[in-house]
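Got a structure for you, written out below as structure tokens; questions coming shortly.
All values below come from the heavy atoms of this structure, side chains included, with hydrogens, waters and symmetry mates left out. First listed ligand is number 1; within each ligand, the first listed atom is number 1.
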Amino acid sequence: MAGTPVTVIGMGMMGRALATAFMNAGHPTTIFNRTPGKAAALVEAGASEAPTAVAAVAAAPLVIICVRDYDAVRELLAPAEAVLSGRVLVNLTSGASDEARATAAWAAEHGAEYLDGAIMMTPPGIGAPETVILYGGSPSLYETHEKTLAVLGGGTTLISSDVGLPSLYDVALLGIMWATFNGFMHAAALMGTEKVAATDFLPMATDWLKGVASFLTAYAHQIDEDSYAAEDATLETQVPPVRHLIHESRIRGIDATMAEYTEKLLTEAISRGHALDSYARIIDHFRASVA
Ligand SMILES: NC(=O)c1ccc[n+]([C@@H]2O[C@H](COP(=O)([O-])OP(=O)(O)OC[C@H]3O[C@@H](n4cnc5c(N)ncnc54)[C@H](OP(=O)(O)O)[C@@H]3O)[C@@H](O)[C@H]2O)c1
């Protein structure tokens, strides 16, 4: 039996993957892109390409949009405002929480129900059982469409009734990703100065990351309890090793900025009297920057 008809707006790499997953699961799928003709393979496989955004929105009760940013969402959907009423708009475009909330308010003004989602995966992983997509919005609306949305990823989850939360999770998780990428690039550059190939260094780095991830459990509890007794290493203990990293980087002509930043975080906290606390005490620095 055919599934719920869906429209997917945005035929970039991600939009094409989303439409493919819906089609594979038997959902009649309409597609639309600002620049036409970007998804010939999907049309060949049975998707119907709408000639305009209005026709695309009008084609299905469930409209998924995934484009570059929220400005593009509003630009694309502006001509279709009159046909939004009674439909469900699922916005899988990456953005910030304030943009998600403003877009939900705009959708409501035009009579559409709204879910916002953050895709924590690259296009080849769309449809896989482990793929995580975080949603925010009305629990009953989510429940109604959960089965359809789950074809995009087995880890599809409603994290909040607040449509802004998926974007916040998204940027927070991406921040961890980039910090980790940068740490690895710095390390690989250091090792490369002794001709250790990145692929040879990799197994040690990935095992180390597992250990590092395990330290976070204790730190998370300390942050929530606002209590930072060092159970592993004190801030004071970590100053010499970070200085070694700075020195080692400099003598090898490698940018030491990240290590210098870590040194700054440590020495700031120590100067505030926290020399014997755990690394979790560094949370104060980030909280103070937003206070
Ligand atoms: N790729 C990933 O790994 C990944 C992972 C998670 C989340 N995401 C998010 O998914 C979204 C789409 O990413 P993507 O990888 O599909 O990007 P992409 O391949 O660069 O495609 C961008 C899409 O946005 C459209 N677009 C750009 N500017 C527009 C405008 N001003 N008006 C209307 N349409 C516009 C493009 O249409 P044209 O073809 O007409 O230019 C195209 O459909 C982004 O928010 C991205 O952050 C991507």
Side-chain angles (χ1 to χ4, degrees), residues 6-24 29-43 47-57 59-60 62-81 83-84 89-104 106-107 114-137 149-157 159 163-181:
V6 298
T7 285
V8 180
I9 297 180
M11 286 293 111
M13 291 207 285
M14 188 54 92
R16 290 200 299 273
L18 301 174
T20 303
F22 283 127
M23 289 173 70
N24 289 344
T29 304
T30 299
I31 57 170
F32 177 73
N33 195 51
R34 174 182 63 171
T35 311
K38 285 260 179 98
L42 285 176
V43 174
S48 100
E49 183 161 16
T52 61
V54 178
V57 171
L62 189 62
V63 178
I64 318 294
I65 186 159
C66 185
V67 289
R68 182 189 172 83
D69 54 27
Y70 279 63
D71 287 344
V73 169
R74 297 289 282 274
E75 217 174 285
L76 272 172
L77 292 180
E81 284 175 353
V83 288
L84 274 172
L89 180 62
V90 179
N91 187 5
L92 295 180
T93 304
S94 303
S97 56
D98 56 347
E99 296 178 302
R101 288 175 183 145
T103 306
W106 166 84
Y114 184 85
L115 289 171
D116 202 279
I119 303 172
M120 306 315 302
M121 184 43 80
T122 55
I126 294 301
E130 66 279 9
T131 291
V132 171
I133 304 184
L134 306 173
Y135 284 95
L149 296 174
V151 309
L152 303 177
T156 288
T157 319
I159 47 164
V163 294
L165 263 283
S167 297
L168 185 61
Y169 273 84
D170 186 29
V171 293
L173 291 169
L174 289 173
I176 295 176
M177 180 186 79
W178 286 313
T180 308
F181 283 172

Heavy-atom contacts under 4.0 Å between T122 and ligand 1: side chain, backbone, both, or neither?
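Both of them.
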
State which residues pass ring pair (Phe, Tyr, Trp, His ring centres under 6.0 Å) with Y114; sequence neighbours excluded, sorted by chain then number.
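Ring pair (Phe, Tyr, Trp, His ring centres under 6.0 Å) check on Y114 returns nothing, list empty.
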
Starting from atom 10 (O) of ligand 1, which protein heavy atom do you reach first, and at what distance in Å?
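Sorting protein heavy atoms by distance from atom 10 (O) of ligand 1 puts C66 SG, 3.2 Å first.
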
Heavy atom of protein closer than 4.0 angstrom to atom 41 (O) of ligand 1
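Under 4.0 Å from atom 41 (O) of ligand 1, at least one protein heavy atom found.
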
Working to the nearest 0.5 angstrom, can you tell me the gap between E99 CD and D71 CG?
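Here the rounded value is 6.5 Å.
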
Nearest non-hydrogen contact with atom 31 (N) of ligand 1 belongs to which option: R74, R34, R68, M13?
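It is R34 that holds the nearest heavy atom.
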
What residue and heavy atom of the protein are closest to atom 11 (C) of ligand 1, and at what distance?
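For atom 11 (C) of ligand 1, the nearest protein heavy atom is V67 O, 3.2 Å.
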
Where is the nearest protein heavy atom to atom 16 (O) of ligand 1: which residue, which atom, and how far?
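Going by distance alone, atom 16 (O) of ligand 1 is nearest to M14 N, 2.8 Å.
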
Taking non-hydrogen atoms only, is M11 closer than 4.0 angstrom to ligand 1 via side chain, backbone, both or neither?
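For M11, the contact with ligand 1 is made by the backbone alone.
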
Would D69 count as a contact of ligand 1 if the rule is a heavy atom under 4.0 Å away?
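D69: no contact with ligand 1 (<4.0 Å).
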
Between P123, S94, G95, flag the one that comes closest to atom 47 (O) of ligand 1 by a heavy atom.
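Shortest heavy-atom distance from atom 47 (O) of ligand 1: S94.
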
Distance under 4.0 Å to a non-hydrogen atom of M121: what atoms of ligand 1 satisfy this?
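With M121 as reference, the close atoms of ligand 1 come out as 5 (C), 6 (C).
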
Under a 4.0 angstrom heavy-atom cut-off, which atoms of ligand 1 come close to T93?
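The list of qualifying atoms is 45 (O).
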
Could you tell me, atom by atom, which parts of ligand 1 come under 4.0 Å of a heavy atom of G10?
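The list of qualifying atoms is 43 (O).
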
Give the numbers and elements of all ligand 1 atoms closer than 4.0 Å to a heavy atom of E75.
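Heavy-atom distances to E75 below 4.0 Å select 31 (N), 32 (N).
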
Considering only non-hydrogen protein atoms, determine which one is nearest to atom 21 (O) of ligand 1 and report residue, atom name and distance to 0.1 Å.
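Answer for atom 21 (O) of ligand 1: G12 CA, 3.3 Å.
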
How close does the nearest protein non-hydrogen atom get to atom 39 (O) of ligand 1, and which residue and atom is it?
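Going atom by atom, the protein heavy atom closest to atom 39 (O) of ligand 1 ends up being K38 NZ, 2.7 Å.
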
Starting from atom 43 (O) of ligand 1, which protein heavy atom do you reach first, and at what distance in Å?
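Result for atom 43 (O) of ligand 1: N33 OD1, 2.7 Å.
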
